[in-house]
**Q** 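Provided herewith is a single structure, encoded as structure tokens, for subsequent inquiry.
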Amino acid sequence: MILFVIKSINIKSMDLQNLKDNHSILLSYMKAQNYSKHYVWAIKREIKWILNESRHYHWKTYDDIYQTYVEKWKNKVVLTDKRIKLSVIKRFDQKSIMPDRLRHYRSPSNYDFLCVEFKSFINTYRKIVELDSSGSYQKDVERVACSFLMALQKKSIISFDLVTEESVLDVFLCNGIISKSYSFKYALEVAFKTCNPAYPDNRCSKIISYLPALQKIKKNIQYLSKTEILKIKTTLDNDPSIPLRNKSICLLALYTGLRSSDIATLTFDAIDWTNDLIHIKQNKTGHALTLPLRAVVGNALFEYLTKERPKSSEKFIFSTLTPPYRRIQTSSLYGICISIMNKAGVRTAPNDRRGFHLFRHYVATSLLENGIEQPIISATLGHQSPQSLNSYLSADFCHLKECALSINLFPYRKEMFQL
């Protein structure tokens, strides 16, 4: 008689003993740092879920836990929320790092999964544009190129020699319909044009020729009227409930047209108080920009720095209002703008566009209306291309009216205008 002995397979799961023993330290720290009761409770609930479910899923890494999230929760908002909480727990468990109100999670880049030849192309692009010292646009171009190459790779294309016009079009199509935007195609074209000199075999030119001809769709840009601007200025002057930080941020956007990313990262050494100037390196383009520091902005900044800003070793001017004190995040500026607009009774309808980019638009149109030359306006806004100003010209009503034709030049019956 033959006996078959079946041995149980021992699947080694990740060690969560440290999290189990010490998670109370994390929760106590968050309470002491004035995190909201709801957020502390949510972290506690997430830890409890991980500890309980680890017996069933046999996770080996935190990435495995996240994959379980992806399978269980299809709602993107819920998934993003859980991903952020998981990042907080992971940093504490593995590195004993406490949360600091900053987001540390980064989505994995397609670059990490590219084949050798496609990675070499991206490395060539990085070297040409010196990505480490460039702005966010170059990084966006790289992201699009990685996404495109990854899509080809999923179709078993791992060499530029295998790329055909049909395979390129397949990336842009979904069920026979164009699913990629003009911006995606344009960024892809920039990437291959940038690398073209490094590839004498014309492979870049070949792929550029395969890209579909997409029409650039121009959206109507909403703008702030003079009445709305007056309401905002009046609110900033007369509403004492607005924090000095928020007031100075709003005035910076209103009088300089700086992007939110540049305001959030404004440092002390960027302000030249002696010569009333602001010197920055733009986050989007990586290029230097110098702007005048108007008295209304300088006074608001000084008042915030001397009366409200917490004592902190941070080099950035704008800090969080509650501990732990850290640099304010760019995403937080949108909420600040919404709060001020609500107080001013401006743009409160559901479909109204809001945000500090409208203030940048207002600066551009104001300069246009006052007859400032377009190259000067482009330089003020930090544009690298003169064409970047085109989207602002549609709101230059003072000069657009000069182009209007009188209705008296056209034949019409008076009855047309009678009720």
Side-chain angles (χ1 to χ4, degrees), residues 63 76 80 83 87 102-163 165 167-174 178-214 216 259-262 264-265 280-289 329-331 357 382-385 387-388:
D63 289 336
K76 290 184 178 180
T80 299
R83 183 179 64 195
S87 176
L102 299 180
R103 292 187 179 183
H104 297 276
Y105 177 85
R106 294 293 182 271
S107 300
S109 170
N110 285 319
Y111 171 83
D112 299 326
F113 306 104
L114 292 178
C115 63
V116 175
E117 185 172 336
F118 289 168
K119 269 189 178 179
S120 176
F121 173 82
I122 298 299
N123 291 336
T124 301
Y125 173 78
R126 288 177 174 178
K127 185 176 181 181
I128 293 175
V129 302
E130 296 180 354
L131 192 61
D132 290 339
S133 60
S134 298
S136 60
Y137 178 72
Q138 285 76 14
K139 294 178 183 178
D140 288 341
V141 170
E142 180 195 327
R143 178 184 54 78
V144 169
C146 286
S147 175
F148 171 76
L149 295 174
M150 191 65 198
L152 291 177
Q153 191 169 300
K154 288 180 178 179
K155 300 177 185 297
S156 301
I157 299 174
I158 57 174
S159 171
F160 285 110
D161 295 332
L162 301 176
V163 178
E165 184 175 8
S167 63
V168 171
L169 292 178
D170 281 345
V171 175
F172 282 80
L173 295 174
C174 180
I178 292 290
S179 60
K180 301 296 184 183
S181 65
Y182 172 86
S183 299
F184 182 91
K185 179 250 183 180
Y186 180 78
L188 201 55
E189 191 173 357
V190 169
F192 281 98
K193 282 184 177 180
T194 301
C195 295
N196 192 43
Y199 291 91
D201 58 359
N202 293 324
R203 68 177 61 179
C204 294
S205 300
K206 180 183 72 172
I207 293 178
I208 291 173
S209 68
Y210 292 160
L211 298 177
L214 302 181
K216 184 176 182 180
R259 300 181 181 91
S260 293
S261 58
D262 293 327
T265 55
I280 67 165
K281 180 180 179 182
Q282 299 176 90
N283 285 283
K284 182 175 182 178
T285 64
H287 291 83
L289 176 66
Q329 295 294 286
T330 302
S331 56
H357 192 78
H383 289 158
Q384 298 305 304
S385 170
Q387 295 179 349
S388 300

**Q** Under the side chain to side chain donor-acceptor pair (under 3.5 Å) test, which residues partner Thr194, sequence neighbours left out?
**A** none
**Q** Taking atom CG of Leu188 and atom OG of Ser147, what is their separation to the nearest 0.5 Å?
**A** 9.0 Å
**Q** Considering residues at least two apart in sequence or located in another chain, which fulfil the side-chain contact (heavy atoms from CB on, under 4.5 Å) criterion with Ser183?
**A** Ser181
**Q** Mind checking side-chain contact (heavy atoms from CB on, under 4.5 Å) for Tyr199 and listing every partner two or more places apart, or none if nothing turns up?
**A** Ser120, Phe121, Thr124, Cys195, Asp201, Arg203, Cys204
**Q** So, for Thr330 and Ala264, which heavy atoms are closest and what is the spacing to 0.1 Å?
**A** OG1-CB, 3.7 Å
**Q** Can you list everything that forms a side-chain contact (heavy atoms from CB on, under 4.5 Å) with Asn202? Sequence neighbours excluded, please.
**A** Ser205
**Q** Just jot down the side-chain contact (heavy atoms from CB on, under 4.5 Å) partners of Ala187, sequence neighbours excluded, or say none.
**A** Val141, Val144
**Q** I want to check something: taking the side chain as every heavy atom from C-beta on, are Cys115 and Lys119 in contact at a cut-off of under 4.5 Å?
**A** no
**Q** Find the distance between CZ (Arg259) and CD1 (Ile280) and round it off to the nearest 0.5 Å.
**A** 8.0 Å
**Q** Run the side chain to side chain contact (heavy atoms under 4.5 Å, CB included) check on Leu114 and Cys146 step by step: do they pass?
**A** CA-CA 8 Å; Leu114 292 178; Cys146 286; 4.2 Å; yes
**Q** Around atom CD1 of Ile158, are there more than 12 heavy atoms of other residues, nucleotides or ligands at under 6.0 Å?
**A** no
**Q** Heavy atoms only: give me the nearest Val171-Lys180 pair and the separation to one decimal.
**A** O-CE, 3.5 Å
**Q** I want to check something: taking the side chain as every heavy atom from C-beta on, are Val163 and Ile207 in contact at a cut-off of under 4.5 Å?
**A** yes
**Q** Could I get the full list of side chain to side chain donor-acceptor pair (under 3.5 Å) partners for Ser167, not counting sequence neighbours?
**A** Thr164
**Q** Mind checking side chain to side chain donor-acceptor pair (under 3.5 Å) for Ser159 and listing every partner two or more places apart, or none if nothing turns up?
**A** Glu117
**Q** Check whether any side-chain heavy atom of Leu211 sits under 4.5 Å from a side-chain heavy atom of Phe184, and report yes or no.
**A** no
**Q** Restricting to salt bridge (Lys or Arg N to Asp or Glu O under 4.0 Å), what partner residues turn up for Lys185, sequence neighbours left out?
**A** Glu189
**Q** With side chain to side chain contact (heavy atoms under 4.5 Å, CB included) as the test, would you mind laying out the steps for Gln138 and Tyr125 before giving the verdict?
**A** CA-CA 9 Å; Gln138 285 76 14; Tyr125 173 78; 3.7 Å; yes
**Q** With sequence neighbours left out, what residues match Asp161 under salt bridge (Lys or Arg N to Asp or Glu O under 4.0 Å)?
**A** none
**Q** Just verifying a value: how many Å separate Arg143 CZ and Ile122 CD1, rounded to the nearest 0.5 Å?
**A** 12.0 Å
**Q** Measuring from Leu289:CG to His287:NE2, what's the distance to the nearest 0.5 Å?
**A** 11.5 Å
**Q** When rounded to the nearest 0.5 angstrom, what is the spacing between CD1 in Ile178 and CG in Leu169?
**A** 7.0 Å
**Q** Distance-only, no hydrogens or angles: does the Asp262 side chain make a donor-acceptor pair with backbone N or O of Gln282 under 3.5 Å?
**A** no
**Q** Residues two or more places apart in sequence or in another chain: which of them pass ring pair (Phe, Tyr, Trp, His ring centres under 6.0 Å) with Phe118?
**A** Phe160
**Q** If I take atom CD from residue Gln153 and atom CZ from residue Phe148, how far apart are they, to the nearest 0.5 angstrom?
**A** 12.5 Å
**Q** One pair to check against side chain to side chain contact (heavy atoms under 4.5 Å, CB included): Asn283 and Thr265. What are the steps and the verdict?
**A** CA-CA 9 Å; Asn283 285 283; Thr265 55; 2.9 Å; yes
**Q** Quick one: side chain to side chain donor-acceptor pair (under 3.5 Å) partners of Asp170, sequence neighbours excluded?
**A** none
